[in-house]
Enquirer: 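One structure, pasted below without further comment.
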Number of protein chains: 2
Amino acid sequence: MDHLSQTEENYLKAIFKICEQEEKAASTNAIAGEINTTPASVSDMLKRLAGKSLIHYEKHRGVTLSENGLQIATMLIRKHRLWEVFLVKTLNFSWDEVHEMAEQLEHVQSPELVERLDSFLGHPRFDPHGDPIPDAAGNFASRKQVQLSTLAIGEKAVVVGVQEHSAVFLQYLDKMNLGLGASVGVQEIFEFDGSLKVTIEGHQDLVISSKVSENLLVQKTK
Amino acid sequence: MDHLSQTEENYLKAIFKICEQEEKAASTNAIAGEINTTPASVSDMLKRLAGKSLIHYEKHRGVTLSENGLQIATMLIRKHRLWEVFLVKTLNFSWDEVHEMAEQLEHVQSPELVERLDSFLGHPRFDPHGDPIPDAAGNFASRKQVQLSTLAIGEKAVVVGVQEHSAVFLQYLDKMNLGLGASVGVQEIFEFDGSLKVTIEGHQDLVISSKVSENLLVQKTK
DNA sequence: AAGTATTTTTAGATTAGTCTAAAAATGAAT
DNA sequence: ATTCATTTTTAGACTAATCTAAAAATACTT
């Protein structure tokens, strides 16, 4: 088995992402949406990937990754997230600039390169967005994190991740001092629209929309 | 003009390399040899590249890079060589291991990434094989270097580059203490086969074949 | 200058990946 | 269970890049 094309790799990543979020088989439509292509193209590709035993595929039933496919997808995520750490920590990019570059770097084929990079970076366990970096064996670190929106009044927590990765959202968080590591407390919840008034350690209190609080992942403190 | 495919980029690099070596237009055959494809495929591609004004092409006449094509090829070389420095200096690979990886990394599209990498590395002017790294404007540093084989008996010099980049050659040089920076002196020249007896500062004297001395670039000292 | 050898180009096919439009399968709703 | 809407698959066509084999152009040799 020689190595996959970038296109094939992107399909595996998309399938991984969908299965992870939805906790079930990925539909043709969902994959098309994720990859920005047509369902017809996806159907075609699914046949090819099934032919290489990278996915489990029965017509009209959606697909899941095979053990092999899962392994490859996991390594792509490992590479992507390690490169993101490199770009932010070593080259001083900000967290909202690195996605596109990592998207390309993740396709560089060299297992040795990944391991050297990992060790140069000090074996980081989370990327600049707080997403866990699978280790060389493919294991993801896990954390007891929840959406900020699930906290009750008076609870305190530390921002450890985001669910939405768009540059605009990340820039908004920077501006509001809500980046990774920010210590926040819920002061008030407005029933009307689900917005929250939060305290931010070292900064001014702030009202954030439910859309923001649902996309912020935190770890409760105390 | 959106950006080029990796294939197109590889053709531009090949044409650059041939024109540089031969000092004239690159022939279809030479390009096919460099890229490991058939002359027919090259002919096809030349039409496409000419269509994008990346090369000057008249049938049966060979090709040269247009200003545009030259700019792109130069930036590819810049990226390739910077990544090689990164791999050797930062990730501690040896000079015979980095070519393949750099070959992939050079296709990552992000001008900002190149500049950040360059500055992280301290604006190196030569790569791990002694090849000059073009600056952001595309200018190559130049040096008065000659093949070791051109020295007369008694002359001394420092190894600054190689003309052959194969892993076996580079490993041979490592083993013989003839890596970049080695101080050598020509002690004896054997007419019979053109081999040389050289002194190497800090190491034992050594006889090297003409093939080796022709592929070693040195800068005369004193 | 003619004829042979070499190089280059064309012609025609192939593969990966994509698309649109149409057909088939599935799911939902009465 | 039949209809309607949605999802998925097929059919057929297109582009980029490649190949082999044949044709055309150039270069070499005497």
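Computed from heavy atoms alone, side chains included, the values below leave out hydrogens, waters and symmetry copies. To find a chain, count down the sequence lines: A is the first, B the second, and so on, and within it residues start at 1. These figures come from a predicted structure and were not determined experimentally.
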Enquirer: Could you check how far CD of A:Q6 sits from P of D:dA17, rounded to whole Å?
Expert: 14 Å
Enquirer: Is it true that B:W83 and B:D127 share a donor-acceptor pair across their side chains at a distance under 3.5 Å?
Expert: no
Enquirer: Would you tell me if any nitrogen or oxygen in the side chain of B:S5 comes within less than 4.0 Å of OP1 or OP2 on D:dA17?
Expert: yes
Enquirer: Choosing from C:dT8, D:dT10, C:dG17, which nucleotide comes nearest the side chain of A:S43?
Expert: D:dT10
Enquirer: Return no unless some side-chain N or O of B:R48 is found under 4.0 Å from OP1 or OP2 of D:dA16.
Expert: no
Enquirer: Rounding to a whole Å, what distance do you find between A:K47:NZ and C:dA16:P?
Expert: 13 Å
Enquirer: Counting side-chain heavy atoms from C-beta on, which of D:dT10, D:dT18, C:dT9 comes nearest to B:Y57?
Expert: C:dT9
Enquirer: Whole angstroms only, please: what is the NE2-C1' distance between A:H3 and C:dA16?
Expert: 15 Å
Enquirer: Please give, in whole Å, the distance from C:dT7 P to B:L46 CG?
Expert: 16 Å
Enquirer: Hey, is the side chain of B:T37 poking within less than 4.0 Å of OP1 or OP2 on D:dT18, counting only N and O atoms?
Expert: no
Enquirer: Considering just the side-chain nitrogens and oxygens of B:K59, establish if one lies under 4.0 Å of OP1 or OP2 belonging to C:dT7.
Expert: no
Enquirer: Can you tell me the distance, in whole Å, between the CE atom of A:M45 and the C1' atom of C:dT15?
Expert: 12 Å
Enquirer: Could you give the NE2-to-P distance, from A:H60 to C:dA28, as a whole number of Å?
Expert: 15 Å
Enquirer: B:R61 side chain: which of D:dT8, D:dT10, D:dT26 is closest?
Expert: D:dT26
Enquirer: Check every atom of C:dT8, C:dT18, D:dC19 against the side chain of B:N29 and return the nucleotide holding the closest atom.
Expert: C:dT8
Enquirer: So, B:S195 and B:D193: side-chain donor and acceptor under 3.5 Å apart, yes or no?
Expert: yes
Enquirer: Which heavy-atom pair separates B:K89 from B:N92 by the least distance, and what is that distance?
Expert: O-ND2, 4.0 Å
Enquirer: Taking 4.0 Å as the cut-off, does a side-chain nitrogen or oxygen of A:T38 come that near to OP1 or OP2 on C:dC19?
Expert: yes
Enquirer: Please report the distance, rounded to the nearest Å, between CG in B:L49 and C1' in D:dA16.
Expert: 12 Å
Enquirer: Can you name the one residue among B:D131, B:D135, B:D118 that meets salt bridge (Lys or Arg N to Asp or Glu O under 4.0 Å) with B:R78?
Expert: B:D118
Enquirer: Would you mind reading off the distance between A:D44 atom CG and D:dT8 atom P, rounded to a whole angstrom?
Expert: 15 Å
Enquirer: Is the shortest distance from a Lys or Arg side-chain nitrogen in A:E103 or A:K13 to a carboxylate oxygen in the other one below 4.0 Å?
Expert: yes
Enquirer: Of all the choices, C:dC19, D:dC19, C:dT9, which nucleotide is nearest to the side chain of B:S41 once you look at every atom?
Expert: D:dC19
Enquirer: Using OP1 and OP2 only, check whether a side-chain N or O of A:Y11 sits under 4.0 Å from C:dA16.
Expert: no
